[in-house]
Amino acid sequence: MIIVYESKTGFTKKYAEMLAAKTKLEVFRVDEISKISQDEEIIFLGWMKVGKIQGLNKLRNYNVKVVCGSGTGQTAEPDTETVIARNKIEDIPFFYLRGGCLPLKEIKGMDRILLSIFVKMLKSSKDRDEKTEEAISIIENGFNGVKEENLVPVLDFLNGKAKENSL
Ligand SMILES: Cc1cc2nc3c(=O)[nH]c(=O)nc-3n(C[C@H](O)[C@H](O)[C@H](O)COP(=O)(O)O)c2cc1C
């Protein structure tokens, strides 16, 4: 089993490296996929963009056993069920990892345009609840939610799988 990841600003990469340190599994970027045999079991970690797990499509013909998506919310956004359906991973265990984001002014290109539109939408919403305020602040000021403890459910799952295999 190996770890493969896709990360744009480094938060998902950090999780992939933490997971590699904990499990002693080898870690690859998704653009190194040609080095990997199609039979190899893969734990995939990708950042999420409008509910799509980035990089996952490049692994459609590979043996992906676990998928982790990183986003900035406390939970997967729009919600776990939508993420699973939108990424067609109904038959693969999915784990959400809270990642982070750079301050808006440090983000470039199309992503900055998309996030700017999103912030405007949030700011103009009629009932700006706590969650909305948090989302606005996270996008404008940046946020780092990467924590080792967030990997515990993934590690527990992998340990369970390892036990199953040794029975
Ligand atoms: C344009 C854009 C769209 C995003 N859409 C989502 C989303 O739909 N759901 C979510 O949870 N996070 C979303 N995010 C947040 C990123 O997935 C999050 O910041 C992630 O941890 C970044 O990982 P990276 O540093 O590895 O690139 C979005 C970020 C950008 C820039």
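Quick caveat: nothing in here was measured; it's all calculated off a predicted structure. Indexing begins at 1, ligand by ligand and atom by atom, following the structure's order. Computed over heavy atoms, backbone and side chain alike; hydrogens, waters and symmetry mates excluded. Count residues from 1 along the sequence.
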If you count the atoms of ligand 1 from 1 in the order shown, which ones are under 4.0 Å from a heavy atom of [X]?
X	value
Gly99	21 (O)
Val50	3 (C), 4 (C), 5 (N), 6 (C), 7 (C), 8 (O)
Lys8	24 (P), 26 (O), 27 (O)
Gly10	24 (P), 25 (O), 26 (O)
Phe11	24 (P), 25 (O), 26 (O)
Cys101	19 (O)
Gly51	7 (C), 8 (O)

>> So does Glu81 get a backbone contact from the side chain of Asp79, meaning a donor-acceptor N/O pair under 3.5 Å?
In response: yes

Side-chain contact test, heavy atoms from C-beta onward, threshold under 4.5 Å: evaluate it for [X] versus [Y] and give yes or no.
X	Y	result
Asp111	Thr9	no
Tyr5	Lys13	yes
Gln54	Thr12	no
Tyr15	Asn150	yes
Phe143	Arg98	yes
Ser116	Leu104	yes

Checking a contact table here: which protein heavy atom is nearest [atom], and how many Å away?
atom	result
atom 17 (O) of ligand 1	Met48 O, 2.5 Å
atom 9 (N) of ligand 1	Glu77 O, 3.3 Å
atom 11 (O) of ligand 1	Gly71 CA, 3.2 Å
atom 21 (O) of ligand 1	Ser70 OG, 2.9 Å
atom 31 (C) of ligand 1	Leu115 CD1, 3.5 Å
atom 29 (C) of ligand 1	Trp47 CZ3, 3.9 Å
atom 25 (O) of ligand 1	Thr9 OG1, 2.4 Å

Please report whether ligand 1 has a polar contact with [X], defined as an N or O pair separated by less than 3.5 Å (distance criterion only).
X	result
Gly100	yes
Ser7	yes
Lys13	no

>> So that I can tick it off, tell me whether Asp129 and Lys131 are bridged by a salt bridge, with the cut-off set at under 4.0 angstrom between side-chain N and carboxylate O.
In response: no

> Hey, is Glu140 close enough to Lys123 for a salt bridge, meaning N to O under 4.0 Å?
Replying inline: yes

List the atom of [X], the atom of [Y], and the distance in Å for their closest heavy-atom pair.
X	Y	answer
Val154	Cys68	CG2-SG, 4.0 Å
Thr23	Leu155	CG2-CD2, 3.7 Å
Ile53	Asn87	N-OD1, 2.7 Å

>> For Ile107, which part has a heavy atom under 4.0 Å from ligand 1: side chain, backbone, both, or neither?
In response: neither

>> Just to be sure I'm reading this right: ignoring hydrogens, which of Thr75, Val83, Leu104, Thr72 gets closest to atom 15 (C) of ligand 1? Compare them by their nearest heavy atoms.
In response: Thr72

